2 protein chains.
Amino acid sequence: MAKTPSPSPSPAGSGSSSGSIQVIDRLTVLLEGIARHRDPVSLKVLAADAGLHPSTAFRILAAAIENGLVAREGSHYRLGIRLLQWGSRVASHRDLRREARPLMEALRDKIGETVNLTVRQGDEVVYLDRALPERMMRVEQRIGSRAPLHVTAVGKLMLGEGSETDCREYARRTGLPGYTRYSFTDEEQLVQHVSGCVRAGFAYDDEEAETGVGCIGVLVHDDAGQIVAGLSISAPIERRRDEWIELLKDTARALSAGSVTR
Amino acid sequence: MAKTPSPSPSPAGSGSSSGSIQVIDRLTVLLEGIARHRDPVSLKVLAADAGLHPSTAFRILAAAIENGLVAREGSHYRLGIRLLQWGSRVASHRDLRREARPLMEALRDKIGETVNLTVRQGDEVVYLDRALPERMMRVEQRIGSRAPLHVTAVGKLMLGEGSETDCREYARRTGLPGYTRYSFTDEEQLVQHVSGCVRAGFAYDDEEAETGVGCIGVLVHDDAGQIVAGLSISAPIERRRDEWIELLKDTARALSAGSVTR
DNA sequence: CGCCATATTTCGCATTGTGAAATCGATTGC
DNA sequence: GCAATCGATTTCACAATGCGAAATATGGCG
């Protein structure tokens with residue numbers, strides 16, 4: 001080992017993420033690469049995307065296939081069915097989703113718009129589940145996808161429930177990137193706005209994440225008062241109604257009540 | 001290399017699957033181990049389950065955590081949120097699920113029982129999606145879970161649509177394990193029964209997978225006549241009604257009609 | 001306060017995964 | 001129909017990578 005006079009070939013180009021086991025990092029990058037594309041992807045593209053030698057990518061994918069993490073269609077790769085199983089087993093929040101589902105569907109049927117269930121994960125909200133209405137135009141988030149706190153209704157409430165310092169730190173840390181011309185990008189304004197939302201007990205998202213989309217969000221607490229999740233309605237902004245606020249609050253209350261403390 | 005007087009430590013206990021990359025196999029076994037348990041699991045248990053040395057399991061889990069595949073709660077491990085994302089992105093069948101969802105919900109509302117969407121995967125059916133009724137007692141399959149073909153209504157139809165030889169080979173290959181006292185365990189009887197199901201255009205499952213549970217299953221075909229999926233109703237056996245057969249067939253037809261060929 | 005049971009870290013070793021290059025196979029153009 | 005081309009697989013020699021025994025931290029309990 002003392003040898004290695006060779007110009008340490010390891011770091012490669014991409015730099016990529018710091019992980020402790022090379023193969024697992026690479027596997028993750030590959031899976032991520034497959035997930036990014038809508039349709040099955042060729043080896044060539046995957047290898048290039050991941051910054052790997054084709055033969056290396058091939059070997060790793062072959063191993064992934066044997067384990068059901070990846071499947072192939074001809075010579076194109078797609079995510080394997082085993083991920084479906086694991087995805088539905090992600091244990092945390094499992095009971096939450098179970099509890100929430102019927103309530104969300106009931107609300108959706110009442111108002112005819114998309115209802116989302118989210119949780120905080122670092123500086124983002126993650127979409128845990130949703131109930132979609134059957135109409136041509138609707139707002140649809142992919143389960144598992146993420147969005148920054150400051151451009152979502154629920155996220156702003158989560159920011160507001162922490163201390164003002166936390167909120168300011170979030171602002172510094174992320175630089176408050178703007179997504180539309182309505183996004184908050186100024187720390188002072190955000191802090192102000194956010195505390196108003198908390199006082200009101202709900203938050204709007206006025207086209208802050210995507211132009212044309214308006215949301216209403218509320219928080220779900222457990223018995224101890226801790227934030228458990230967020231519940232929101234997303235709709236084309238011109239269809240949004242203030243009557244929904246109370247319905248949404250009711251749903252959140254029902255969910256809070258029934259929630260297992262865990 | 002000539003050394004290693006130790007009794008070739010590689011194959012470990014579990015035997016498990018033969019894969020091409022050791023770490024990936026092990027990672028899979030570990031994830032599977034976490035998924036099997038309802039609650040977060042300790043390192044000790046995981047390592048033992050997977051037949052790995054604790055330090056090895058620890059290292060692999062640490063790498064998995066860095067990549068978001070696993071999360072920890074104290075010193076217990078659970079599946080990471082990234083799996084949620086991937087799970088919802090499993091591309092194959094995505095359009096199918098999307099198409100099927102509203103039809104399944106409509107059927108569920110009409111009959112008040114669980115409606116399942118399944119696809120074949122080797123010698124098993126995999127539960128892709130389901131619509132659950134809101135009642136105390138209901139049948140519930142986890143999304144992504146699997147069951148052998150010969151103990152499910154849809155599975156028997158899938159067996160029947162192949163050649164008789166295929167069915168017999170399946171019987172030999174699997175040995176037709178029995179799950180309840182009603183399961184088919186005899187090759188001859190199965191072949192017989194299965195072809196009857198196909199002729200009828202639907203199949204019952206009379207407590208063959210689980211005592212007390214009865215199902216009705218039909219197949220969904222595409223324009224080319226290929227099997228795309230299976231649709232079934234699962235209910236406590238004494239609540240099952242034959243009127244559902246036509247409703248189920250209607251739903252399958254609607255799904256077949258609307259289905260994108262690929 | 002000290003004991004036991006887990007979790008985590010260290011470290012030398014050889015097994016494992018690596019990637020360049022060679023082969024295979026299918027498609028395209030001539 | 002044949003060569004040329006491009007991508008997917010396989011081979012192979014090498015050393016970097018991941019391995020696991022043992023040592024060390026941590027922490028829960030009597």
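What's counted below: heavy atoms across the whole structure, side chains too, no hydrogens, waters or symmetry copies. Chain letters run A, B, ... following the sequence lines, proteins first, then strands; residues in each count from 1. Bear in mind the structure is a predicted one, so any value in this text is a computation, not a measurement.
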- Item | Length of the CD1-C1' vector between A:Ile60 and D:dG18, whole Å | 14 Å

- Task: Using the ring pair (Phe, Tyr, Trp, His ring centres under 6.0 Å) rule, collect all pairs that involve residues 141-170 of chain B, keeping only residues at least two apart or in two chains.
- Result: B:His150-B:Tyr170

- Query: Can you name the one residue among B:Ile21, B:Ile60, B:Leu31 that meets side chain to side chain contact (heavy atoms under 4.5 Å, CB included) with B:Arg26?
  - Reply: B:Ile60

- Note on the structure: Overall bend of the helix from C:dC1-D:dG30 to C:dC30-D:dG1 (five pairs an end, 10° steps) is 40°

- Item | Residue-phosphate contact under 4.0 Å: A:Gln22 side-chain N/O, C:dG17 OP1/OP2 | no

- Message: Check this for me: does any side-chain nitrogen of one of A:Arg97 and A:Glu99 sit under 4.0 Å from a carboxylate oxygen of the other?
- Response: no

- Message: I'd like to know if the side chain of A:Asp49 pairs up with that of A:His37 as donor and acceptor (distance under 3.5 Å, no hydrogens or angles considered).
- Response: yes

- Take the protein atom CD1 of B:Ile21 and the nucleotide atom C1' of D:dT17, then report the distance between them rounded to whole Å. 12 Å

- Please report, rounded to the nearest Å, how far the P atom of D:dG18 is from the CD atom of B:Glu66. 13 Å

- Message: The criterion is salt bridge (Lys or Arg N to Asp or Glu O under 4.0 Å); which residues satisfy it with B:Glu169, sequence neighbours excluded?
- Response: none

- Message: Suppose we screen for side-chain hydrogen bond (donor to acceptor under 3.5 Å, both in side chains). Which residues come up paired with A:His53, at least two apart in sequence or across chains?
- Response: A:Ser55

- N/O (side chain, B:Thr56) to phosphate O (OP1/OP2, D:dC19) under 4.0 Å: no

- Note on the structure: Closest of C:dT18, D:dG18, D:dA21 to the A:Arg26 side chain is C:dT18

- Task: Tell me, with the steps shown, if A:Leu30 and A:Leu61 meet side-chain contact (heavy atoms from CB on, under 4.5 Å).
- Result: CA-CA 8 Å; A:Leu30 283 170; A:Leu61 286 168; 4.2 Å; yes

- Task: Please test A:Met104 against A:Arg101 for side-chain contact (heavy atoms from CB on, under 4.5 Å), starting from the C-alpha separation and ending with a verdict.
- Result: CA-CA 5 Å; A:Met104 291 166 64; A:Arg101 175 57 76 89; 5.5 Å; no

- Task: In whole angstrom, give the distance that lies between atom CG of B:Asp25 and atom P of C:dT16.
- Result: 11 Å

- Message: OP1 or OP2 of C:dA20 versus the side-chain N and O atoms of A:His53: is any pair under 4.0 Å?
- Response: yes

- Task: Would you give a per-nucleotide map of nucleotides 3-12 of chain C, 5' to 3', where B means the base has a protein non-hydrogen atom under 4.0 Å away, S means only the sugar-phosphate does, and - means neither?
- Result: ---SSBB---

- Query: Partners of B:Arg168 by side-chain hydrogen bond (donor to acceptor under 3.5 Å, both in side chains), sequence neighbours excluded?
  - Reply: B:Glu164, B:Glu187, B:Glu188

